[in-house]
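One structure below.
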Amino acid sequence: MPRTILFIFGTRPEAIKLCPLILRLQQAPERFRVRVCVTAQHRDMLDQVLAAFAIRPDYDLDAMQPGQTLYQSTSRILGALEPVFKDAQPEVAIVQGDTTTTLCGALAAFYAGVPVAHVEAGLRTGDLRQPFPEEMNRVLAARLTALHFAATERAADNLAMEGSTSNVWVTGNTGIDAVLYVRDRLERGEMVAPAAPYLDAGKRMILVTAHRRESFGEGFERICRALAAIANRDDVQLVYPVHPNPRVQEPVDRYLRGHRNITLLEPLDYVRFVDLMRRAYLILTDSGGIQEEGPSLGKPILVLREKTERPEAVEAGTVRLVGTDVGRIAAETSALLDRPEAYARMARIHNPYGDGHACERIDAALREFLRL
Ligand code: UD1
Ligand code: UDP
């Protein structure tokens, strides 16, 4: 009898990092009965990923509301998961990362007496308020988890320091499986990203994303002012797919819309975004996933945050933390634009977060746990 595995996810990054694992487990229907529950904590950004991987959820909780607060999304998602567990009767529930959906999925599984498998376990900044609320979500998820899939040895060490030493597997990050899959197919011409007519071939392209809650307000305004200052150079073009959160849209509109060297876009589907990362000269971001993908693509990343839970590439010198100070962001960006030797040191392909085979290792670990 196949064993029922329930995937629970809700945001874009969780979807990008779990869809390759869903596709893999679905290939063995004699072993696994795969059930997919999306909370739809995100709506359009989630649906973009589901379409790219051709995954049709069995349960869609349709939880997103415009401008939702943490209280609202947490209570809606947790409440809506109770009937899903009753109906699916899973033997293992799989969650990923550090979002509200991750925490609610793990807690709901605990209430149902179902072992939780946590993909991307053990990331820590050591500061419960940065990133907020993700660091707390990770710590709480680890307490609720039975199977920890850590991307790196460092992440496994973090879990060990908190007392989680059994059922920890170092697997690599499934996000690297996803990005290398798309990159290889783009390079071989087996996938084609739609044209990007807004790109100016005569300028170096700087790709930008930003959405962290702890920066909202003054920190985010400083990021916008730094971007405007960088874009005053006529040898660069900033391309910025803007997160739909109203707390992001408002300052971006106020500071950046209409600037001649800034192209503001809607969130891009994953293939388009990987294609843009390949074409970028450098990337400015506060994203977690992009900090992992950049090194695998050989793109320097300047991280618009004070702390990171992904220190491996910082230590290797291909990712640098620049915070939210206007002068520092502008100066570090200028250094990479004007000093070829500084650029060359950071533009190095390496894979500290995975080798593209994380899903295989997680599949093997699940079989070991379920004695399959
Ligand atoms: C969430 C995660 C964060 C992750 C990010 C990825 C939490 C607490 N935060 O933050 O860890 O890095 O997703 O992007 O779980 N919205 C839309 N359409 C969408 C998605 C969002 O309009 O497809 C807007 C809505 O107004 C929504 C708001 O963005 O209310 C915020 O979404 P939410 O999921 O609460 O937080 P994120 O900032 O996206
Ligand atoms: N991404 C995407 N389209 C975009 C911006 C980002 O597909 O317009 C991808 C990116 O390649 C990475 C993931 O979304 O895999 C990161 O998501 P996000 O930054 O929203 O969340 P985080 O990783 O910070 O939790």
Side-chain angles (χ1 to χ4, degrees), residues 9-20 38-53 62-74 76-77 95-105 120 123 130-138 141 173-183 193 207-216 220 239-250 264-278 280 283-294 296-297 299 301 303-305 308-310 353:
F9 57 98
T11 66
R12 170 174 67 192
E14 296 163 79
I16 289 169
K17 291 171 168 177
L18 285 180
C19 284
V38 295
T39 64
Q41 177 184 329
H42 284 175
R43 185 72 273 173
D44 21 330
M45 295 207 296
L46 172 75
D47 292 342
Q48 282 180 324
V49 186
L50 294 174
F53 287 91
D62 202 20
M64 196 198 87
Q65 297 287 323
Q68 61 204 357
T69 66
L70 295 173
Y71 302 91
Q72 291 164 345
S73 48
T74 304
R76 251 197 317 272
I77 291 169
V95 298
Q96 195 283 338
D98 53 20
T99 69
T100 298
T101 291
T102 315
L103 175 61
C104 292
E120 196 181 84
L123 297 189
Q130 293 192 62
F132 176 86
E134 289 82 4
E135 180 80 356
M136 181 59 91
N137 289 346
R138 297 170 187 145
N173 198 308
T174 55
I176 304 301
D177 295 24
V179 75
L180 295 183
Y181 179 89
V182 173
R183 183 206 60 188
L207 186 58
V208 179
T209 79
H211 69 275
R212 298 247 79 90
R213 272 185 165 67
E214 66 273 15
S215 299
F216 287 168
F220 211 90
V239 175
Y240 181 176
V242 184
H243 191 292
N245 192 329
R247 303 279 312 267
V248 174
Q249 298 265 337
E250 189 279 321
L264 300 177
L265 303 172
E266 302 280 305
L268 295 170
D269 68 65
Y270 188 53
V271 173
R272 269 182 220 249
F273 192 75
V274 173
D275 183 51
L276 273 194
M277 284 196 285
R278 291 163 71 225
I283 302 174
L284 301 184
T285 189
D286 62 12
S287 161
I290 297 169
Q291 288 178 62
E292 295 157 348
E293 293 165 339
S296 290
L297 300 173
K299 299 297 171 179
I301 309 273
V303 179
L304 306 166
R305 293 165 55 171
T308 184
E309 58 289 304
R310 294 162 167 96
Y353 303 106

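In each ligand, atom 1 is the first atom listed, and ligand 1 is the first ligand listed.
Salt bridge present: E134 and R212 bring a charged side-chain N and a carboxylate O closer than 4.0 Å. Taking the charged nitrogens against the carboxylate oxygens, R272 and E266 have no contact shorter than 4.0 Å, which rules out a salt bridge. At a threshold of 4.0 Å, the pair K17-D177 does not count as salt-bridged, since none of the basic side-chain nitrogens sits closer than that to a carboxylate oxygen.
Nearest protein neighbour of atom 23 (O) of ligand 2, counting heavy atoms only, is G289 N, 2.7 Å. Looking only at heavy atoms of the protein, atom 13 (C) of ligand 2 is closest to I16 CD1, 3.8 Å. Considering only non-hydrogen protein atoms, atom 1 (N) of ligand 2 sits nearest to F273 CD2, 3.6 Å. Protein heavy atom at the shortest distance from atom 22 (P) of ligand 2 is G288 N, 3.6 Å. Scanning the protein heavy atoms around atom 21 (O) of ligand 2, the nearest turns out to be P13 CG, 3.3 Å. Protein heavy atom nearest atom 10 (C) of ligand 2, with residue, atom name and distance: E293 OE1, 3.4 Å.
The residue among V248, N245, N137, D98 with a heavy atom at the shortest distance from atom 24 (C) of ligand 1 is N245. The closest non-hydrogen atom to atom 7 (C) of ligand 1, taken over R12, E14, Q41, Q249, comes from Q41. Among M45, Q68, H42, H211, the residue whose heavy atom lies closest to atom 12 (O) of ligand 1 is H211. Between R12, Q48, K17, it is R12 that holds the heavy atom closest to atom 20 (O) of ligand 2.
Every N/O-N/O distance between T101 and ligand 1 stays at or above 3.5 Å. Of the polar atoms of H243, at least one N or O is found under 3.5 Å from an N or O of ligand 1, judged by distance alone. On a distance-only criterion, T99 and ligand 1 share no N/O pair closer than 3.5 Å. Looking at ligand 1, you'll find an N or O of D44 within less than 3.5 Å of one of its N or O atoms. On a distance-only criterion, G67 and ligand 1 share at least one N/O pair closer than 3.5 Å.
At a heavy-atom distance under 4.0 Å, no atom of H243 approaches ligand 2. Residue M64 touches ligand 1 through its side chain alone, judged by heavy-atom distances below 4.0 Å. Here H211 has side-chain heavy atoms under 4.0 Å from ligand 2, and that is the only part of it that gets that close. At a heavy-atom distance under 4.0 Å, only side-chain atoms of P241, from C-beta outward, approach ligand 2.
Heavy-atom proximity to P13, at under 4.0 Å, picks out these atoms of ligand 1: 6 (C). Taking every non-hydrogen atom of S287 and a distance limit under 4.0 Å, the qualifying atoms of ligand 2 come out as 16 (C), 18 (P), 19 (O), 22 (P), 23 (O), 24 (O). Shown in contact with P246 at under 4.0 Å from a heavy atom are these atoms of ligand 1, numbered in order with element: 26 (O). Ligand 2 places these atoms under 4.0 Å from at least one heavy atom of R212: 24 (O). Here is the list of ligand 2 atoms found below 4.0 Å of a heavy atom in P267: 8 (O). Numbered from 1 in the order shown, with element, the atoms of ligand 2 that lie under 4.0 Å from a heavy atom of L268 read 2 (C), 3 (N), 4 (C), 7 (O), 8 (O). For ligand 1, the atoms sitting less than 4.0 Å from at least one non-hydrogen atom of T100 are 7 (C), 8 (C), 15 (O), numbered in the order shown with element in parentheses. Listed by atom number, the atoms of ligand 1 under 4.0 Å from P133 heavy atoms are 8 (C).
The local environment of OH in Y181 is sparse, with at most 12 non-hydrogen atoms from other residues, nucleotides or ligands closer than 6.0 Å.
Residue E292 places no heavy atom under 4.0 Å from ligand 2. Residue M277 places a heavy atom less than 4.0 Å from ligand 2. The closest approach between a heavy atom of R213 and any atom of ligand 1 is below 4.0 Å. Put simply, part of L70 is less than 4.0 Å from ligand 1, judged by heavy atoms.
By the 30° and 60° cut-offs, the orientation of the rings of H243 relative to H42 is perpendicular.
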Exercise for review: Apply the test side chain to side chain donor-acceptor pair (under 3.5 Å) to residues T39 and T101: give CA-CA distance (whole Å), side-chain angles for both, the deciding distance (0.1 Å), then the verdict.
Suggested key: CA-CA 7 Å; T39 64; T101 291; 2.8 Å; yes
